[in-house]
Number of protein chains: 2
Amino acid sequence: MDSSSRPRSTRDRPAKAPLSAEAIIDAALAILKSDGLDAVSMRRVAAALDTGAGSLYVYVTGREGLQEAMFDRIIATIELETPDPSRWRAQLHSLLGRLRDALVAHPGIAAATMVDPPRTEVVLGLLENLLGLLLASGLEPQRAAWAADILAAQVSYAAIEAELRRTDPTALAAQVTANFARLPADRFPLITAHAEQLVAGGVDERFRFAVDVVIDGVLATTSAR
Amino acid sequence: MDSSSRPRSTRDRPAKAPLSAEAIIDAALAILKSDGLDAVSMRRVAAALDTGAGSLYVYVTGREGLQEAMFDRIIATIELETPDPSRWRAQLHSLLGRLRDALVAHPGIAAATMVDPPRTEVVLGLLENLLGLLLASGLEPQRAAWAADILAAQVSYAAIEAELRRTDPTALAAQVTANFARLPADRFPLITAHAEQLVAGGVDERFRFAVDVVIDGVLATTSAR
DNA sequence: GTTTGTAACGAACACTGTTCGTAACATACA
DNA sequence: TGTATGTTACGAACAGTGTTCGTTACAAAC
């Protein structure tokens with residue numbers, strides 16, 4: 001759809017059409033989902049497309065650019081919410097939950113593209129939606145804007161944390177609990193006493209709690225300071 | 001101090017003593033502080049110690065183990081607070097602020113060791129202290145335990161965010177603002193309308209706000225659910 | 001003085017991202 | 001039909017990376 005709509009030159013049509021940015025990102029996402037971000041090397045992506053690594057650089061600026069493009073595609077799949085002042089809190093939970101799930105489904109992408117300021121329209125669309133939900137609560141703009149940032153941190157953190165437990169959800173918790181129990185109680189009285197609470201709850205429950213805490217906190221008047 | 005106190009064999013003393021885990025971590029931290037985590041390669045660390053990369057593997061399990069050891073040393077420098085129920089909130093801000101500053105001083109370490117569950121006694125000591133401050137507020141143990149996790153996420157996020165602005169604090173903000181202003185107002189009404197609020201505040205101010213939000217939120221009764 | 005065990009070296013392996021000179025190819029023009 | 005053209009893809013090469021391991025050197029113990 002590019003060659004016909006943009007006739008910048010008389011000889012615009014490519015000779016062959018097996019390679020394209022779309023195809024490269026598709027192949028990269030497939031590897032990402034199955035084997036994680038570390039496995040997404042330029043050579044591996046190229047091999048999946050039956051070509052050499054160097055050929056990718058025509059359509060992708062490099063590994064970093066490819067990662068950003070992958071992140072963009074992942075975010076694009078997330079269904080947004082049309083802010084409703086009567087149920088904005090539930091909508092917030094839904095949206096952030098879907099975001100977290102999408103990140104978990106692509107291991108490593110959360111840690112890699114966590115803090116880059118949003119640039120693409122897709123990511124900005126997500127921010128726009130998040131901001132809309134927060135403002136629907138009646139929050140003042142400044143608090144809503146900062147709350148969006150705080151929630152983004154929680155989503156990323158929860159996603160990375162969930163990735164760790166992806167292989168075996170309970171095994172890690174058991175191991176951590178055992179580690180806590182083994183500690184000398186005289187030097188770590190609180191950790192040993194509350195080991196159960198520290199590892200309590202599943203990923204979902206903890207995430208719900210975190211989002212609620214942030215919402216409740218940002219709704220509360222800034223009392224102590 | 002190791003060779004004399006632990007005579008596990010009759011021939012215990014090493015032939016030479018230029019290399020040690022301590023020396024390796026020291027050299028790695030120096031590179032980390034000046035050039036960031038990506039620059040901390042096994043070869044570069046070895047070169048700083050006038051040896052080959054392979055020689056490091058006697059004292060360090062590998063790159064990952066070295067990073068953990070570096071993280072441990074960084075955390076070890078953080079001064080803890082003895083919980084005081086009359087000023088726990090200020091103590092919390094102090095402790096988390098120092099933690100964030102220490103992470104920012106070592107670019108990349110926050111993103112790398114963010115979510116690994118705490119294992120070493122040093123890191124657990126920090127958790128113990130954090131838990132102590134939260135419990136000093138009168139929080140029930142379960143909420144305090146989960147709050148510790150939420151705050152850890154905020155610290156890591158703030159540290160990574162601060163690293164980005166390390167080179168030029170205002171340049172990035174200006175660039176992001178310009179990006180927001182350039183957006184089509186019809187599709188991004190909220191972002192364009194509140195672009196100022198989105199980038200408002202320095203790193204410190206935003207961090208203080210985030211910590212206060214979490215504290216206020218976890219103190220609030222779980223109203224809506 | 002010889003034996004012994006540990007510590008250090010450094011070459012080698014299998015990778016990584018990236019660059020770039022070269023070759024192929026269907027298209028446009030003569 | 002033949003030549004020129006500009007895009008496209010290839011694949012070798014470069015400078016790195018983490019890690020392994022056979023070999024060597026050295027100071028202490030017998």
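Chain letters run A, B, ... following the sequence lines, proteins first, then strands; residues in each count from 1.
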side-chain contact (heavy atoms from CB on, under 4.5 Å) partners of B:R43, counting only residues at least two apart: B:S41, B:A53
Strand contacts (DNA chain C) in residues 30-44 of chain A, 4.0 angstrom heavy-atom criterion: A:V40, A:S41, A:M42, A:R43
B:L66 CG - D:dT19 C1' separation (whole Å): 14 Å
Gap between atoms CD and C1', on B:E64 and D:dT17 respectively (whole Å): 15 Å
Can you give me every donor-acceptor pair (side chain of residues 107-121 of chain A, partner residue at least two apart or in another chain, under 3.5 Å) with its distance?
| from | atom 1 | to | atom 2 | distance (Å) |
| --- | --- | --- | --- | --- |
| A:T113 | OG1 | A:I109 | O | 2.7 |
| A:R119 | NH2 | A:E68 | OE1 | 2.9 |
| A:R119 | NH2 | A:E68 | OE2 | 3.2 |
| A:T120 | OG1 | A:D72 | OD1 | 2.3 |
| A:T120 | OG1 | A:V123 | N | 3.4 |
| A:E121 | OE1 | B:R187 | NH1 | 3.1 |
| A:E121 | OE1 | B:R187 | NH2 | 2.5 |

Protein-nucleotide distance (B:L19, atom CG; D:dA25, atom P), rounded to Å: 19 Å
All side-chain contact (heavy atoms from CB on, under 4.5 Å) counterparts of A:T177, not counting sequence neighbours: A:V199
Tabulate below the donor-acceptor pairs under 3.5 Å that side-chain atoms of residues 23-31 of chain B make, not counting sequence neighbours, or state none.
| from | atom 1 | to | atom 2 | distance (Å) |
| --- | --- | --- | --- | --- |
| B:D26 | OD1 | B:R73 | NH2 | 2.0 |

Rounded interatomic separation in angstrom, taking CD from B:Q67 and C1' from D:dG18: 12 Å
Separation of atom OH in A:Y57 from atom P in D:dA12, rounded to whole Å: 17 Å
Spacing between B:D50 atom CG and C:dA7 atom C1', to the nearest angstrom: 16 Å
N/O donor-acceptor pair under 3.5 Å between A:R63 side chain and A:V40 backbone: yes
Those residues that, when tested against B:L183, pass side-chain contact (heavy atoms from CB on, under 4.5 Å) (two or more places apart): A:L124, B:F180, B:F188, B:I191, B:T192
Whole-Å distance separating the CD1 atom of A:I24 from the P atom of D:dA9: 8 Å
Distance, rounded to the nearest Å, where B:L56 contributes CG and D:dT17 contributes P: 13 Å
Any B:Y59 side-chain N or O less than 4.0 Å from OP1/OP2 of C:dA8: yes
